[in-house]
Asker: 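Okay, here's the structure, questions in a sec.
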There are 2 protein chains.
Amino acid sequence: MSNTIILKSRPQGTPKDSNFQFIHEEVPQPGEGEMLLKSRYVSVDPYLRGRMNDAKSYIPPFKVGEPIDSGIVAEVMESKNENFKKGDYVSGRLPWKKELVSDGEGLHKVNPDKAPLSAYLGVLGLTGLTAYLGLMRIGKPEKGETLVVSGAAGAVGSVVGQIGKIMGLRVVGIAGTDEKIELLKKEFGFDVGINYKTTEDMRAALGEACPDGIDIYFDNVGGEISDAVLFHINKFARMVICGAISVYNETSIPKSISVQPFLIKNSALMQGFIVSNYAEHFPEAINALAGWLKEGKLTYEETIVEGFENIPQAFMDLFSGKNKGKMVVKI
Amino acid sequence: MSNTIILKSRPQGTPKDSNFQFIHEEVPQPGEGEMLLKSRYVSVDPYLRGRMNDAKSYIPPFKVGEPIDSGIVAEVMESKNENFKKGDYVSGRLPWKKELVSDGEGLHKVNPDKAPLSAYLGVLGLTGLTAYLGLMRIGKPEKGETLVVSGAAGAVGSVVGQIGKIMGLRVVGIAGTDEKIELLKKEFGFDVGINYKTTEDMRAALGEACPDGIDIYFDNVGGEISDAVLFHINKFARMVICGAISVYNETSIPKSISVQPFLIKNSALMQGFIVSNYAEHFPEAINALAGWLKEGKLTYEETIVEGFENIPQAFMDLFSGKNKGKMVVKI
C-alpha cells in the first residue's frame with residue numbers, strides 16, 4: 001500500500017495529477033534519539049508550486065523522484081528521543097508520508113488542548129505568522145489608514161484583514177466569489193469586499209472602496225489586481241509582496257504595468273516578504289495571535305479535506321480557488 | 001525683448017519647441033523686504049517633464065500660460081532685504097526669467113569662492129543630495145557589495161557611482177554612448193560600464209558584469225534596463241527608484257515584466273525616492289559631499305549651454321541624452 005507521495009515530474013503551468021506519484025517506502029525502526037511519527041494534518045500551500053520548478057528561490061526546489069514536503073502536524077507513536085514522548089503532537093516541515101522516522105530536528109511540540117491541531121498549520125502556524133509579521137513589519141499600520149488585501153479570503157489574507165481591523169484600519173478585501181465576499185464581511189469584519197471576477201473595472205471599484213486612497217497593500221496575488229491598486233496608492237504607501245498566485249503557473253515571464261513611475265510619484269515602497277526572515281519575531285507574533293484568538297477577536301476558516309490520497313488534489317484546488325481559508329488535509 | 005519662458009501647452013510625448021513661449025514681462029521695483037535678482041545659471045532636469053503633465057505628483061504641475069521654474073543661481077542686484085546684500089549669490093527654485101523680484105523665501109546664499117556657481121545646481125545642489133541620500137538611506141551600502149547605476153553618466157548617476165566607490169562597492173554603470181562609458185571608467189572610477197544601445201543582451205551583459213549578483217540598483221531610467229537588472233538581484237537587494245526617464249514621455253501606461261515574483265523570491269525592496277522627503281539629512285549630505293569634493297575624491301561633469309533663449313532646447317536635449325553630467329544653462 002502506498003504511503004509516500006513523490007514529485008514525478010515538474011509541472012509546466014498548472015500542476016496536474018501526472019506530476020505526482022504514490023509509492024510505497026518501508027518505514028524503518030527508530031534508532032537511538034529518533035522517533036516514529038504518524039502524520040495527522042498536512043498543509044498544502046501555494047508557495048509549494050514555486051518549489052516544483054527547477055529555479056533559484058528562497059527555499060531549494062523539490063527534487064524529481066523524491067517526496068514533497070510541507071508543514072505537517074504528526075503524532076509521536078514511539079520515541080527514543082528524550083525531548084518527545086509517545087502521544088505528543090509535533091509540528092514542522094516533513095515529507096508527505098503517512099509514517100516516518102525523525103530525530104526531532106526542526107520540530108516543535110504543539111498543544112491540542114490550547115487550539116485544534118489544524119490551527120497549528122494555519123492561524124498559529126506559518127500562515128498566521130506571515131499575516132502578522134508582513135503587516136506589522138513592512139505594512140507598519142497606523143490607525144485610520146486604509147489597507148487593501150488581495151486573496152483576502154485565503155489563509156493569510158483573512159488573518160491580515162482581521163489584524164487590520166484590530167489595528168483600527170479601514171480594510172478592503174479582494175476575492176473571487178460572492179460567497180467569499182460575504183465571508184469577508186460577515187465572518188472577518190472587512191469593511192468592503194470586491195469580487196474581482198464579477199467587477200468590470202477594478203480600478204474604479206478600488207477608487208470607490210478607498211475614498212482616502214490606499215496606504216497599505218498586502219498582496220497575495222500579483223497580476224492585474226495589483227496593477228489596479230497602484231492607481232490609488234497614497235504618498236508613502238507600503239506594499240507587502242507576499243504572494244503572486246496569479247502568475248505562479250505562468251510558463252513565460254509575466255508582464256504588468258511598470259510600477260516604477262507609481263513608486264516615484266508616491267515615495268512608495270514595495271517589499272518582498274518571506275516569513276522565515278523574521279524568525280526572531282515569531283514569539284511576539286504567536287503571543288499576539290494566541291491572545292486575540294482567546295479573546296475572540298480573531299477567527300479563522302479552514303477547508304479540511306480528508307485522506308492521504310487526496311493531498312495532490314487539495315494542492316491543485318488552491319489554484320482554482322476552491323478553498324476558503326487555510327487548506328489542510330486530515331490523514 | 002522677451003525675458004520670461006512660459007509653458008504654452010502640455011507636451012504629448014516628447015516635449016517640442018511649440019510647448020514653450022518666450023514673452024516679455026515688466027520687472028517691478030523691489031519693495032520693502034524684497035530684492036532684485038539676475039539669473040546666472042538655470043538647471044534643466046528630467047523631472048520637470050512630469051510637472052508638465054496635468055497629473056497628481058509629488059510637486060504640483062506647471063500651469064499652462066505661467067512661467068516654468070527650476071533650480072536657479074542668481075545674483076542680488078539690489079536688496080531691501082536684511083538677509084541678503086548686493087553682490088550676494090543665492091540659489092533656490094525660481095521661475096525661468098532673466099530678472100525677477102523675490103522676498104528671499106526658499107533661497108539660500110551660495111559661496112562662489114568655495115565652488116563654481118554651477119556646482120550649486122549639481123553636485124552641491126539637489127542632484128548631489130539626491131545621489132547621496134538615495135544611495136545611503138535606501139541603498140544602505142555595505143562594503144564589498146555590488147551597485148548597478150542606470151543613467152550612470154547623468155548628473156545624479158555619476159555622483160552615485162563615485163559615492164559607491166568611496167563606500168567600497170563594486171560599481172557597474174549603464175549609459176548610452178561609448179564616450180559616456182569611457183567617462184564612467186576614466187573620470188568617475190566605475191569598475192564596469194555597459195553601453196545599453198550597443199549591447200544585444202542586457203541580461204547577459206549584467207550577469208557578466210556582476211558575478212556576485214546585484215545588491216543595490218540605483219534606477220534613473222526604468223523600462224527594459226530595469227527589467228534586465230531584476231534577473232540578477234541578490235537576496236535582500238535594495239532598488240532605489242529615483243527616475244524613470246525612459247518612460248516619462250510615453251503617452252500610454254508603460255508595461256514591463258512583473259516585478260513582484262522577483263521581489264518575493266529575493267526578499268527584495270523597491271522604493272520610490274524623492275530627495276525633498278529627506279530634508280532633515282541635507283546638512284549631513286552637503287557636509288560629506290563638500291568634503292569629498294575638497295579631497296578630490298569626487299569629481300563632476302557638467303554640460304553648460306549658453307544663453308537664456310536656449311533653455312527649452314537644453315531641456316529637450318536631456319531626453320536624447322546629449323548631456324554629460326549635469327545640464328546647466330548659463331545666462
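Just so it is clear: chains get the letters A, B, ... in the order the sequence lines come, proteins before strands, and each one is counted from 1.
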Asker: Listed by chain and number, what are the salt bridge (charged side-chain N to carboxylate O under 4.0 Å, His left out) partners of B:Arg51, not counting sequence neighbours?
Answerer: B:Asp69

Asker: Which heavy atom of B:Ile274 sits nearest to which heavy atom of A:Ser267, and what is that distance?
Answerer: CG1-OG, 3.3 Å

Asker: Atom CD of residue position B:Glu284 - does it have more than 12 heavy atoms of other residues, nucleotides or ligands inside 6.0 Å?
Answerer: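 Enclosed: over 12 neighbouring heavy atoms sit under 6.0 Å from CD of B:Glu284.
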
Asker: Considering all heavy atoms of both residues, which atom of B:Ile241 and which atom of A:Leu263 are nearest to each other, and what is their separation?
Answerer: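 Scanning both residues, the minimum pair turns out to be CG1-CD1, 4.1 Å.
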
Asker: Name the option with the most non-hydrogen atom pairs under 4.5 Å to chain B; the candidates are A:Gly272, A:Ala268, A:Gly222.
Answerer: A:Gly272

Asker: Given the options A:Pro261, A:Gly223, A:Ser256, which has more heavy-atom pairs under 4.5 Å with chain B than any of the others?
Answerer: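 Ranked by heavy-atom pairs under 4.5 Å with chain B, first place is A:Ser256.
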
Asker: Do other residues, nucleotides or ligands put more than 12 heavy atoms under 6.0 Å from the CD atom of A:Glu224?
Answerer: no

Asker: How far does CZ of A:Phe236 sit from CG of B:Asn277, to the nearest 0.5 angstrom?
Answerer: 3.5 Å

Asker: Measure the spacing between OG of B:Ser258 and NZ of A:Lys255 and express it to the nearest 0.5 Å.
Answerer: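 If I round to the nearest 0.5 Å, the distance is 9.5 Å.
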
Asker: Quick one: ring pair (Phe, Tyr, Trp, His ring centres under 6.0 Å) partners of A:Phe262, sequence neighbours excluded?
Answerer: A:Phe231

Asker: Could you tell me which of A:Met270, A:Met239, A:Gln260 has the largest number of non-hydrogen atom pairs under 4.5 Å with chain B?
Answerer: A:Met270

